[in-house]
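Counting from 1, the numbers follow the sequence of the chain as shown. Each ligand, and each atom within it, is numbered from 1 in the order the structure gives.
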Amino acid sequence: MTTSIAGLGTQEKTTAGRAVISLRGVEKHFPIKEGAMQRVAGHVRAVDGVTFDIRPGETVGLVGESGCGKTTLGRCISGLVPPSGGKIYFRLTDADAATLDDIDATPDDRRTKEQLAQLQRIDADHRIDQLGGKAFRAYRRNCQVVFQDSFSSLNPRQLVKDTVGRPLRIWKEASGQELTERVVSLLESVGLGRQHLYRFPHQFSGGQRQRISIARALALDPEFIVLDEPTSALDVSVQAQILNLLHELQQKRGLTYMFISHDLGVVRLMSDRIAVMYLGKVAEQGTAIELFESPRHPYTEALLAANPDINAETSEMKGLRGAVPDPANPPEGCRFHTRCPVATPICGWEVDDAVAWLGTHETILAGLTGVERRSNFDATLAFGDAAAAAAVGHQVENGDIPASMKAALESFSTDGNKVTLTFNPEGPVELEDVGGGHLTACVLHTSRRHRI
Ligand SMILES: Nc1ncnc2c1ncn2[C@@H]1O[C@H](COP(=O)(O)OP(=O)(O)OP(=O)(O)O)[C@@H](O)[C@H]1O
Ligand code: SF4
Ligand SMILES: [Mg+2]
């Protein structure tokens, strides 16, 4: 999109010796239930080990294709759903963050009594699922959310006066005439006014409804707001107005934002730093300038090539093979390897990749009768007859198999109607600093690159 607001996210920020939100290995796995007994058959790994900090006054942009876990992460941070693993801290000082990271790097059985006492104190004071009393209340009021769909997030039967005033009433901040005047002041801060107090949501345009949602989020004067696609449902000109409003409010109130969007143009405009998510993990993160001008991760490059709008309606992106894999069964190694145009032999090739490749030879795949899997990297494929197994061998030997997948094979053999293949096992590709706080999870740039 094009708007008249340039470089909103590039102003000097205070960092104040602490973060507002600190994520450490945050996970959210949703159970997949099956049958009359609702047996848990697996888990959707919506968020799968996310670590980063959000500093006071900054905007962290979160981008990625539909289903990569952006909203789920936003909901975990704002306390709407509990994470199933990892830890989320509120207002962690830099000193405590350093202590925490030291303790986390120490194996459980080697932690000293002093470390355990420090951990207990830090968790009690800052970890959102362990906060009590005053600290929990401070977190709840300081962490607010604005959703994409203002229509469903506003109660259709509630007057604007009641919607915007609700947090103030619940927190017993104001009542009667004082409450009304506080609501008027909030409405004025988002470009609405007293004349809108006694109207219902359906009596407003989309942009105005989003202003009401923002006013409600501001009611308790929070420090931090998760903005989940706040302008995606709006026309381009209205988008620009809302983005300008968010920027002005940030300046006036010293707000910190996590800005979720699939529109890279908007994210670039709004963000100081950006985290790119793929299948529940952060693939790359860095300043907005670094990420746009020198992306390191091939997935980020693909997103930028699809600029400005990652097509959120379809899972296909130009230049990438296939669709986003199932988050209940994510690929080994680098999660992006099934689609990566420059994948190497050490990116985590596995049995499923070989079976998917057989899918391009429909006649051979049709003969596949079973897969005996010893691990994701090691299996025996059984075919209806020896000719089909021999055809697989022929394809592998004659180079039809992608070169990097072939190089990842530790062994390959055929025996009658069976094909046994073993890939070199590879662990997950973790984020590493490639300079100046720019992190990427791609073996082309990280410590594993000497093995390519
Ligand atoms: N309550 C839930 N139960 C089960 N699975 C869920 C639930 N909420 C989300 N998921 C799954 O978790 C994954 C991540 O979903 P999420 O809504 O966080 O993605 P997103 O990045 O926000 O996508 P979009 O850009 O479409 O908004 C998806 O596979 C989704 O189907
Ligand atoms: S590690 Fe890098 S090269 Fe390998 S698949 Fe992932 S993004 Fe591609
Ligand atoms: Mg979402």
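Looking at ligand 1, you won't find any N or O of G64 less than 3.5 Å from one of its N or O atoms. Of the N or O atoms in A46, none lie within a sub-3.5 Å distance of an N or O in ligand 1.
Relative ring orientation between F336 and H297 is described as tilted, the plane-to-plane angle lying within the 30° to 60° band.
With C68 as reference, M277 is the one residue of M277, R335, K281 to meet the side chain to side chain contact (heavy atoms under 4.5 Å, CB included) rule.
A salt bridge between D352 and R373 is present, with a side-chain N of the basic residue lying under 4.0 Å from a carboxylate O of the acidic one. Of the charged side-chain nitrogens involved, none lies within less than 4.0 Å of a carboxylate oxygen, so that K70 and E65 do not count as a salt-bridged pair. Taking 4.0 Å as the cut-off between side-chain N and carboxylate O, D53 and R24 count as a salt-bridged pair. Taking the charged nitrogens against the carboxylate oxygens, K87 and D104 do have a contact shorter than 4.0 Å, which makes a salt bridge. A salt bridge does not link E248 to R253: none of the charged nitrogens lies less than 4.0 Å from a carboxylate oxygen.
The part of P327 lying near ligand 1 is the side chain, judged by heavy-atom distances below 4.0 Å. For T71, heavy-atom contacts with ligand 1 shorter than 4.0 Å involve the backbone as well as the side chain.
Under the 4.5 Å side-chain criterion, counting only non-hydrogen atoms from C-beta, W349 is in contact with S404. Between L154 and S213 the shortest side-chain heavy-atom distance falls below 4.5 Å.
The local environment of NZ in K418 is sparse, with at most 12 non-hydrogen atoms from other residues, nucleotides or ligands closer than 6.0 Å.
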Can you list, pair by pair, the side-chain donor-acceptor contacts under 3.5 Å of residues 25-43, counting residues two or more places apart and other chains?
residue: K28; atom: NZ; partner: P82; partner atom: O; Å: 2.7
residue: H29; atom: NE2; partner: D48; partner atom: OD1; Å: 2.7
residue: Q38; atom: NE2; partner: G35; partner atom: O; Å: 3.2

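In this structure, of I32, L279, T72, the residue bringing a heavy atom nearest to atom 15 (O) of ligand 1 is T72.
For a distance threshold of 2.8 Å, the protein N, O or S atoms nearer than that to atom 4 (Fe) of ligand 2, listed by chain and number, are C347 SG. Protein N/O/S atoms closer than 2.8 Å to the Mg ion (ligand 3): T71 OG1.
In this structure, F204 has its ring center under 6.0 Å from that of H196.
Annotation for ligand 1: atoms under 4.0 Å from non-hydrogen atoms of G69 are 14 (C), 18 (O), 19 (O), 20 (P), 21 (O). With ligand atoms numbered from 1 in the order given, ligand 1 contributes 11 (C), 12 (O), 29 (O) to contacts under 4.0 Å with heavy atoms of V44.
Every ring pair (Phe, Tyr, Trp, His ring centres under 6.0 Å) that F90 has, sequence neighbours left out, goes to Y139.
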